[in-house]
Amino acid sequence: QDKSIIYVTPNPIGNNPFLVLGQEGAEAAGEARGAEVITYESDAPQAMLENLYAAASVGADIVVAMSFSAVDGVMEVAPTAPDTQFLLVDACTDQERPDNVHCAVFREHESSFLMGAIAAMTTETGTVGVIGPIDIPFMHRFTDGFAAGVAHVDPEVTVETRWVGGQNPFSDPVRAKEQALALDAAGADVIYAAAAGGSFGVYEAAAESGFVTMGVDTNLCGVAPGTMYDVALKRVDQAVLQSIEAIEAGEAATFASYGLAEGGMSAMAVEGGDALAESGCLIADDAEVAAEIRSLAEQIVAGEVVVDDPMMAN
Amino acid sequence: MNASLRVLLVPLALVAAGLLALLAFDATRAAVAAFLDGAFGGRNNFNLYSTLGRFSILLGLAMSVLVSFRAGLLNIGAEGQLVLGGLTAALVGVYLPAPPLVVALAALLAAMAVGAGWAVLAGLIERGANVPLLIGSLLLNYPASYIASYAVSHPFRDVNSGATQSFRIMGEASLPRFTGTILDYGILLIGGTALLVILLERTSVFGYRVRMQGYSYPFARASGYPTHKLYYRTLMISGAIAGMTGFVAVFGMNQRYIDGMLTAPLYAWTGIAAVLMAAIIPWATPLTAFFFAALATGAIGMERSVGIPREVGQIIQAVIVLYLSGVAGKMLSNLGGKGR
Amino acid sequence: MFFDAALIESIPRLFTPVLLAAIGSALCDRANVFNIALEGMMLIGAFAAVVGTFYTGNALAGLGLAIVSGALSGLVFAYFGVTRGGDHIIVSIGFNVLAIGLTAFLLGRIFGVSGQFDDPAIVQLPRIHLGPVADIPLIGPFVSGQSILVWLAIFLVVAVTWLLKNHKYGLRLRAAGQNAAAMRTVGVSPERVKTAAVIACGVLCAMGGAQLSISNVTLFTEGMSAGRGWIALVIMMMCSARLPWILPTAILFGLVDAFGFRMQGLGLPQQLTESMPYVLAIVVLMLVFRKRTARYAR
Amino acid sequence: MTVPDTETSPPAVCRLNGVSKAFGPTKALQDVSIEVREGEFLALIGENGAGKSTAMSILFGLLEPDEGGVEIMGRPRKMRSARDAIAAGLGMVHQHFMLYPDLTVLENIIVGQEDTGRSGRIALGEHRAAAQRILQEFDFSIDLDRKVADLPVDARQQVEIVKLLYRGASVVILDEPTAVLTPQESIALYKMLARLQAQGTSIVLITHKLDEVMDNADRILVLRRGRLVAERDAQATDKTELAELMVGSNIEIIAKRDATRPDVALSIRDLTVRRRQGKAALAEVSFDVRKGEIFGIAGVSGNGQKELVNALVGLEDAEGAVQLAGRDVLGLDVAARRALGLGYMAEDRMAMGLAQPATIAENLISGREGTTDFSSRGFLDKRRIRDFSRDLIARFDIRTPSERHRAAKLSGGNQQKVVVARELSARPAVLVIENPCWGVDVGAITFIHKQILELAEMGCAIVLVSSDLEELFALSDRVGVLCDGELTAIFERGELDAIAVGAAMSGQRKDTAA
Ligand SMILES: Nc1ncnc2c1ncn2[C@@H]1O[C@H](COP(=O)(O)OP(=O)(O)OP(=O)(O)O)[C@@H](O)[C@H]1O
Ligand SMILES: Nc1ncnc2c1ncn2[C@@H]1O[C@H](COP(=O)(O)OP(=O)(O)OP(=O)(O)O)[C@@H](O)[C@H]1O
Ligand SMILES: [Mg+2]
Ligand SMILES: [Mg+2]
């Protein structure tokens with residue numbers, strides 16, 4: 001094999017669905033064109049930079065670099081390695097990009113908006129919650145998008161936002177679970193778990209305390225059987241695959257934003273059909289809400305409902 | 001007793017060693033090659049420069065720790081001093097409207113001052129309230145990282161990026177790099193400081209007194225040294241070097257403060273390990289710091305190319321420290337550092 | 001709604017890991033072993049508990065493996081710190097780094113994952129439900145539905161206190177800590193006593209780790225002890241290793257931790273609420289040690 | 001030469017048989033055989049480091065011999081730990097207290113010997129009764145429930161003895177038991193030992209005090225540099241012979257000349273050191289020391305000596321007045337007092353007198369490192385330091401390969417010589433000396449005493465604190481006694497007498513005691 005794709009993550013992959021999906025996308029792309037796919041995991045900002053340099057130095061054809069942690073590094077390394085194409089996933093830079101730097105970003109707020117809508121329709125207590133890893137602008141796409149969806153359906157419903165924090169906010173299920181239990185105690189009966197690696201703790205809390213959750217990234221209803229209503233799907237694998245196709249086609253400095261319209265963001269309710277029926281999500285048994293969500297999604301795609309990007313609002 | 005414990009531990013150690021060896025058996029040579037390449041090779045010797053880059057940070061911290069330990073002060077708060085120094089440097093680098101050189105100098109001085117201040121705080125807590133320096137300095141690490149984390153997630157965050165990080169510092173103020181490499185001039189600053197520490201420790205009256213005080217505090221008092229001043233000055237120097245290292249990390253490699261960039265790689269603990277491995281001997285410390293830097297980058301390289309987990313590097317480091325606990329311990333208890 | 005059932009319920013599970021480690025730390029302190037490797041010992045215990053539970057499907061077996069791992073941790077510490085006479089601070093530093101590296105390494109080797117491992121096969125430690133007691137306001141959630149380790153920890157406070165005062169080995173432990181040479185002159189090996197103390201400490205810390213990984217949650221994440229070992233050490237020092245004081249102090253820290261989560265609801269920045277236990281530790285230490293002649297300040 | 005005459009002497013209860021022991025290069029014992037006979041009082045004497053403690057530690061199972069072994073009642077017996085020795089009927093009071101300060105007296109007694117029920121709970125009641133019986137039998141009045149830390153020294157010594165009686169020893173070994181006792185307390189101890197001996201117990205005594213040997217022992221063994229060099233019957237020898245046997249040559253007798261001059265060099269008025277709670281540790285002490293005078297301070301340790309020294313030197317805050325070179329120095333720090341000509345030889349060589357890991361040269365300049373003698377512009381002058389150190393090493397006969405040797409590696413006597421050399425070479429006007437000969441052997445003692453006397457003759461005023469009355473009597477022009485923080489008596493040289501001073505030390509007024 002003379003072609004190689006190197007997949008660089010900001011954290012150990014673990015069971016972080018976002019990173020798992022990215023890896024699947026890279027592997028699918030590799031399979032499609034007979035390229036070898038290697039993964040470099042980083043555990044610190046410095047390691048990310050070193051991994052990017054290392055990827056360039058072994059002469060990778062395409063480097064898939066995940067998340068905003070990669071932006072600085074890619075902007076630094078790319079000019080030194082013109083023969084390597086860099087795909088930034090989930091983040092981009094506002095500076096002038098060299099031709100070999102490409103971006104694939106998502107509009108997470110759109111599907112989070114749908115989750116908010118579901119939460120507002122299904123809550124009985126009138127209080128719903130959302131848990132993010134750490135209070136940073138990017139994460140507000142999940143939390144604020146969710147809150148906007150709730151408000152769109154029923155402004156009377158209270159939204160409580162909590163952050164995992166701690167030494168290891170992106171993978172700390174212990175703290176995430178405590179936050180979920182605290183939200184439960186505060187009366188939230190639907191909790192949107194956007195806590196990255198920590199979300200698992202939220203599902204555990206749900207199983208113990210009996211509230212309903214919603215997840216992000218992939219269909220996790222099987223992981224949290226009987227407690228998960230729906231999932232804000234983030235098709236990272238599709239985005240990676242598509243972007244690599246575009247890069248292979250020879251386009252320079254591609255930029256793609258994936259939302260509901262592009263099929264890059266979605267929800268099980270929106271998927272419908274067999275996928276929904278077999279998903280194991282609670283919404284599969286709630287045709288009414290599912291229908292409403294599908295129509296809300298159509299309105300967003302059509303531009304009739306506008307979901308503001310909280311990051312731009314900052 | 002000694003014998004019975006040894007009987008238990010020898011097979012244990014053998015099993016552990018065997019496991020490690022087995023894991024590497026099929027590819028021992030490949031692993032060693034990958035390790036060496038990871039530490040020193042790469043395109044244009046990239047990995048060597050990344051080892052050197054890590055070395056400069058480790059050396060800075062090791063020197064900071066060394067200054068304290070030599071004086072018999074168990075200051076293990078280098079992490080907090082580093083983090084706050086780095087944060088301060090970043091803030092000056094981003095917000096000070098001044099010519100680049102002024103910005104860089106101001107950032108350096110501010111970082112050193114803040115690092116020194118944080119170290120002295122632990123000292124004040126010890127001398128004012130009898131809280132052992134070991135514990136006080138350790139506990140202060142936590143608020144320090146939370147302060148830094150708060151600063152770059154709220155008031156000073158880079159609102160354009162998703163990450164918890166400060167804005168980029170003024171580009172022209174950043175530390176220049178050696179041409180064609182990713183290594184910045186920070187290594188000269190820290191290397192020079194290390195040299196100064198090593199020389200002054202041997203030749204100056206101050207260094208002499210600090211050393212004697214470290215050997216025996218009662219001796220220092222009976223000899224009439226200004227023990228009070230020596231105590232605080234040593235802490236100040238130690239903290240200032242850690243703060244300077246934070247400045248180098250921010251103005252060199254990353255050019256901004258990113259949450260966790262100075263804590264995740266366990267720089268501070270590795271710095272302490274380097275000092276202990278050098279048995280607190282100043283001139284030997286750069287060597288051990290370099291060794292640990294190469295161990296870390298080499299292990300990462302090994303993981304990239306032959307899939308042996310990088311944690312092996314950490315495990316080796318830990319085992320070395322454990323085995324040296326006797327030798328280095330004698331030095332440390334000579335320094336009166338027996339914890340109590 | 002600040003003092004609700006969930007807050008009260010969370011306190012025991014937050015203080016138990018710290019309490020168990022603090023008891024272990026007290027034993028080491030009495031035996032004059034300055035063990036600051038509690039953090040690493042907890043981490044290893046947390047990991048072993050997950051391994052044991054995953055392969056047997058039984059949380060008690062997981063706890064058992066944690067206890068074994070804790071004893072081994074203690075043995076390793078004792079080998080370097082007691083048998084070979086290494087400096088306890090250095091041994092601790094080495095051990096803590098070893099624990100971080102080893103758990104991460106084994107996580108990859110055993111489960112093929114990095115960062116975190118969870119699986120439905122990892123079940124929770126049994127909990128003790130007290131029937132109608134659970135409905136008593138305030139007290140109910142505090143005492144009912146807690147894991148067996150919560151009760152074990154509280155029982156151990158009493159048991160170890162009794163042991164130290166009345167039991168042969170308790171007396172020897174205290175004696176070994178005060179004057180090891182003197183023990184040798186009456187034909188008792190102080191090394192053996194110290195080794196026993198460190199092993200007991202390893203076991204207690206590992207049980208604390210198990211409470212984290214197979215009771216508070218049912219998974220392992222790298223670095224999941226997250227500074228609790230240091231808090232345990234500080235609690236022990238504040239109380240001069242006196243167990244009857246350690247229990248309430250540990251509860252206080254559990255309370256502060258639980259409050260921290262709630263404070264976010266009041267809009268305080270998360271980083272501020274999280275540094276509270278550490279700031280509290282410093283302040284309390286200063287108050288407690290102010291009048292004391294510097295016992296630990298050599 | 002030490003082969004016992006089996007026909008005439010009583011049988012040996014235990015015996016060291018051809019024992020050798022080395023610590024690294026030090027040969028602590030070489031082919032030593034010692035037997036202890038039933039019911040005898042055996043004294044073991046020798047210089048510092050002669051191997052006395054090592055020999056007894058081997059007998060007691062605390063050290064393993066390199067060669068040779070132990071016999072009990074004529075049978076070889078492997079001693080794996082003190083447990084075996086105790087089981088064989090041996091009991092030992094060690095050179096340093098082997099007590100647990102924070103445990104009660106009763107707990108101290110029973111550690112290692114605990115009787116327990118099935119639960120492992122210690123049967124305290126039975127232990128208490130047994131201990132009480134021993135206390136009554138020997139007229140000891142110790143409260144079994146007090147912490148040892150709160151006991152005075154002589155009571156601690158009694159605890160050690162009760163510990164060994166509790167284990168039912170038939171051979172009692174005492175390693176320098178009277179070093180910390182006043183003369184009166186020593187007398188009481190020997191009375192008790194006589195009683196034990198009368199009951200058939202064998203006694204082995206290690207001591208440096210030849211008077212005590214002559215008064216109490218039946219048989220005397222002399223160790224020198226790890227070899228047994230002589231055996232004497234107490235009736236057939238005298239102190240001079242024993243001293244010569246110990247050292248291996250005639251000892252020089254130093255003659256004390258009065259060098260006192262009229263002018264006062266150090267004047268102390270109402271010097272008081274307060275403790276945080278309770279009464280003053282040093283209460284209104286006043287005295288003057290003239291040029292050339294040696295003012296001795298006697299007292300049971302812990303009666304204010306430490307506070308007096310610290311207050312004089314500047315290590316502790318005090319009230320009152322200390323006049324040095326015509327200035328009140330109480331407000332000044334150590335460095336300032338040193339600059340005014342105050343010198344200090346600390347007793348605690350391990351931590352205070354020396355920086356053990358530092359080189360001899362580094363130790364020799366300490367206190368004057370900042371002066372132009374050894375540095376300029378903040379940098380050390382290596383050459384001057386080297387020359388200075390070599391000169392002192394030669395003048396004070398410090399046995400070392402070079403000035404760059406670590407102090408920790410020197411023998412005790414040579415370490416002390418480093419301290420002496422440093423303080424004397426500073427030519428102090430006033431010198432405070434604490435126990436200059438602790439743990440130092442006879443040869444070095446003579447040397448150090450000579451140096452001190454020479455310094456006095458040159459006009460230096462000296463305050464000499466010592467727990468060794470012989471030393472105080474030999475060197476002092478006057479001796480003050482500290483008791484409970486007060487200066488209760490001052491003896492002129494002519495009035496010096498162990499019994500009288502001892503009485504003052506234990507709290508009796510001078511007039512009534514004398
Ligand atoms: N170098 C040191 N190493 C360790 N602990 C120290 C050191 N310096 C001071 N301390 C601690 O600070 C405490 C207070 O110091 P202390 O008051 O005895 O001396 P000081 O006031 O500095 O003396 P001086 O006034 O002569 O400078 C000491 O008991 C000791 O625990
Ligand atoms: N544990 C040890 N390690 C090294 N050397 C030792 C040890 N114990 C004793 N020695 C050395 O062995 C020699 C004999 O020591 P020992 O304690 O038996 O002398 P001693 O006759 O009891 O002297 P003293 O009158 O000072 O008590 C000395 O040179 C001493 O330094
Ligand atoms: Mg002072
Ligand atoms: Mg001796």
Side-chain angles (χ1 to χ4, degrees), chain C residues 26-33 83 85 87 155-156 158-197 200 239-243 288-298, chain D residues 53 56-57 60-63 79-88 90-104 106-125 127 147-149 156 159-160 163-164 166-167 169 173 175 275-277 351:
Chain C
L27 289 177
C28 284
D29 185 75
R30 286 301 175 88
N32 196 16
V33 175
T83 309
D87 182 272
F155 166 75
L156 279 172
V158 181
V160 174
T161 309
W162 183 87
L163 214 78
L164 282 175
K165 191 162 169 11
N166 299 307
H167 196 279
K168 176 174 159 180
Y169 294 119
L171 175 63
R172 289 189 180 181
L173 186 76
R174 286 184 288 144
Q178 301 226 337
N179 190 346
M183 291 208 90
R184 226 169 273 129
T185 65
V186 293
V188 182
S189 155
E191 284 82 14
R192 197 171 294 180
V193 176
K194 288 180 180 199
T195 300
C239 305
S240 313
R242 282 171 307 201
L243 290 169
V288 174
F289 280 30
R290 205 164 46 94
K291 286 268 178 273
R292 207 182 271 186
T293 40
R295 177 178 171 204
Y296 288 88
R298 53 194 207 73
Chain D
S53 297
M56 290 304 112
S57 295
F60 201 62
L62 294 172
L63 288 173
M79 296 281 182
R80 280 179 308 266
S81 78
R83 187 157 288 260
D84 294 335
I86 293 168
L90 304 184
M92 182 160 172
V93 173
H94 298 266
Q95 192 165 359
H96 310 283
F97 281 130
M98 291 296 178
L99 297 173
Y100 317 98
D102 279 350
L103 302 190
T104 65
L106 184 60
E107 285 172 331
N108 264 278
I109 292 170
I110 65 176
V111 170
Q113 200 76 10
E114 312 88 347
D115 286 329
T116 61
R118 282 241 301 286
S119 63
R121 182 192 183 125
I122 300 170
L124 270 184
H127 283 299
K147 272 190 184 177
V148 161
R156 290 186 203 195
V159 176
E160 286 282 17
K163 248 170 81 179
L164 118 194
Y166 192 86
R167 287 163 171 76
I173 305 163
D175 196 346
R275 284 276 159 265
R276 234 182 231 151
Q277 67 275 89

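Keep in mind that what you see is a predicted model, and the values were worked out from it rather than measured.
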For this session: For the residue pair R167(D) and V186(C), establish whether any side-chain heavy-atom pair is separated by less than 4.5 Å.
Result: yes

Problem set entry | Exercise: identify the closest heavy-atom pair between R174(C) and E107(D) | NH2-OE2, 3.0 Å

Exercise. Above 12 or not: heavy atoms from other molecules or residues under 6.0 Å from CZ of F97(D)?
Worked result: yes

Exercise. Which is it for T185(C) and L62(D) under the side chain to side chain contact (heavy atoms under 4.5 Å, CB included) test, yes or no, and what are the steps along the way?
Worked result: CA-CA 7 Å; T185(C) 65; L62(D) 294 172; 4.0 Å; yes

For this session: May I ask you to name which of M92(D), M98(D), H94(D), R80(D) has the most heavy-atom pairs under 4.5 Å with chain C?
Result: M98(D)

Problem set entry | Spacing of L124(D) atom CG and K165(C) atom NZ [to the nearest 0.5 Å] | 7.5 Å

For this session: Kindly give the heavy-atom pair with the smallest separation between G112(D) and V188(C), and that separation in Å.
Result: CA-CG2, 3.6 Å

Problem set entry | Partner chain D: residue of A181(C), A175(C), G177(C) with the largest heavy-atom pair count (under 4.5 Å) | A175(C)

Exercise. Which heavy atom in L171(C) sits nearest to a heavy atom in I110(D), and how many Å separate them?
Worked result: CD2-CG1, 3.9 Å

For this session: Would you mind telling me which of H96(D), R121(D), Q113(D) has the largest number of heavy-atom pairs within less than 4.5 Å of chain C?
Result: R121(D)

Seminar exercise, completed: Between A82(D) and R184(C) the two heavy atoms that sit nearest each other are CB-O, 3.2 Å

Exercise. Relative to chain C, which segment of I86(D) carries a heavy atom at a distance below 4.5 Å: side chain, backbone, both, or neither?
Worked result: side chain

Exercise. Are the side chain of N179(C) and the backbone N or O of L99(D) linked by a donor-acceptor pair below 3.5 Å?
Worked result: yes

For this session: Look at the side chain of Q178(C) and the backbone N and O of D102(D), then say whether any donor-acceptor pair between them is shorter than 3.5 Å.
Result: yes

